[in-house]
Amino acid sequence: MKRYNPADHYWRRKNGTVFSSRHNLEMPETDERYRAFLAEGGIPARYPRNQDNEESIAELDALLAPYGLRASPVTPREARKDAYIVEIDAIKEEAEHYHAEAYAWGLRGDADKRRQAQEQADRLFLSYLTKKEEIRQRFMAPLKIAILPSDEEGRSGSVL
């Protein structure tokens with residue numbers, strides 16, 4: 001029997017397809033990758049269901065989320081947002097490092113090195129806050145769409 005690995009597992013749907021967390025896609029039960037999984041002793045799980053007992057990609061996402069996985073497709077917008085979050089997390093981590101360094105220099109009595117490290121920490125933390133607000137504005141604020149009216153020649157309007 002194959003050991004359960006959420007990053008390399010299959011969930012069987014009622015309609016005869018299976019979802020592969022490894023390949024992040026649905027495939028027919030006849031797919032050779034799924035057949036190999038079964039031949040290795042793998043046992044697919046039942047596709048998760050919601051409160052109404054309907055198969056639900058949201059429930060599968062919730063099941064996979066603790067492992068950093070998802071079943072629902074990632075849009076380019078979500079991918080950009082995730083990349084920005086990784087970037088600002090790295091900036092915040094570096095700011096925390098310099099803050100700790102400033103504290104250590106303060107304990108050693110080196111005021112000049114403490115000041116330099118604290119200034120670097122402050123710059124990085126300000127950068128972190130600025131980028132975090134940028135992400136909030138860019139990805140969390142509702143999208144604003146304007147539909148322009150048709151022109152005099154009857155051409156349809158545009159979406160901004």
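These numbers come from a predicted model, not from an experiment. Position 1 is the first residue of the sequence; numbering continues from there.
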- request: Could you tell me whether Glu32 atom CD has more than 12 heavy atoms of other residues or ligands within 6.0 Å of it?
  value: no
message: Quick check: do Trp105 and Gln118 have side-chain heavy atoms less than 4.5 Å from each other?
response: no
message: Could you measure the distance from the CZ atom of Arg3 to the NE2 atom of His9? Nearest 0.5 Å is fine.
response: 13.5 Å
- line: Residues passing the ring pair (Phe, Tyr, Trp, His ring centres under 6.0 Å) test with Tyr128, sequence neighbours excluded, are Phe125
message: Starting from Leu64, can I reach Met27 by hopping between I/L/V/M/F/W/Y residues whose side chains sit under 4.5 Å apart?
response: no
message: Using side-chain heavy atoms (C-beta onward) and a distance below 4.5 Å, is Asn24 in contact with Phe19?
response: yes
field: Least distance between heavy atoms, Pro48 atom then Glu59 atom
entry: CB-CB, 3.7 Å
query: Side-chain contact, heavy-atom cut-off 4.5 Å: Ile57 with Tyr47?
result: yes
- request: Kindly compute the distance separating OG (Ser72) from CG (Leu60), expressed to the nearest 0.5 Å.
  value: 9.0 Å
task: Answer yes if Leu129 and Tyr84 sit in the same cluster of Ile, Leu, Val, Met, Phe, Trp and Tyr residues linked by side chain heavy atoms under 4.5 Å apart, and no otherwise.
output: yes
field: Smallest separation among heavy atoms of Glu29 and Gly16, with atom names
entry: CG-O, 3.1 Å
- line: Rounded to the nearest 0.5 angstrom, the OG1-OH distance for Thr30 and Tyr34 is 10.5 Å
- prompt: Would you say Phe37 and Val18 make side-chain contact, with heavy atoms under 4.5 Å?
  reply: no
field: Rounded distance (nearest 0.5 Å) linking atom NE2 of His99 with atom CG of Leu124
entry: 13.0 Å
query: Are any non-hydrogen side-chain atoms of Lys2 and Asp8 less than 4.5 angstrom apart?
result: yes
Rounded distance (nearest 0.5 Å) linking atom CZ of Arg22 with atom CG of Leu69: 13.0 Å
- prompt: If you look at every heavy atom in Ile135 and Ile85, which pair is closest and at what distance?
  reply: CD1-N, 4.0 Å
field: Side-chain donor or acceptor of Ser127 paired with backbone N/O of Arg123 under 3.5 Å
entry: no
message: Could you check whether Gln120 and Gln116, counting side-chain N and O atoms only, form a donor-acceptor pair closer than 3.5 Å?
response: no
message: Test your reading of the model: is there a side-chain donor-acceptor pair from Asn15 to the backbone of Thr17, 3.5 Å cut-off?
response: yes
task: Decide yes or no for Lys92 and Lys131: does some side-chain heavy atom of the first lie under 4.5 Å from some side-chain heavy atom of the second?
output: no
message: Take a 6.0 Å sphere around CD of Glu93 and say whether it holds more than 12 heavy atoms from other residues, nucleotides or ligands.
response: no
query: Is Leu25 reachable from Tyr10 through a run of hydrophobic residues whose side-chain heavy atoms are each under 4.5 Å from the next?
result: yes
message: Tell me if a side-chain donor or acceptor on Asp61 pairs with a main-chain N or O of Ala71 at a distance below 3.5 Å.
response: yes
message: Is any side-chain heavy atom of Glu119 closer than 4.5 Å to one of Tyr98?
response: no
message: A side-chain contact here means heavy atoms from C-beta on lying under 4.5 Å apart; do Pro44 and Leu38 qualify?
response: yes
- prompt: Any Lys/Arg nitrogen of Arg108 or Asp110 sitting under 4.0 Å from an Asp/Glu carboxylate oxygen of the other?
  reply: no
Charged N-O contact under 4.0 Å between Glu26 and Arg13: yes
statement: Tightest non-hydrogen contact, residues Ser21 and Pro6, listed as OG-O, 2.6 Å
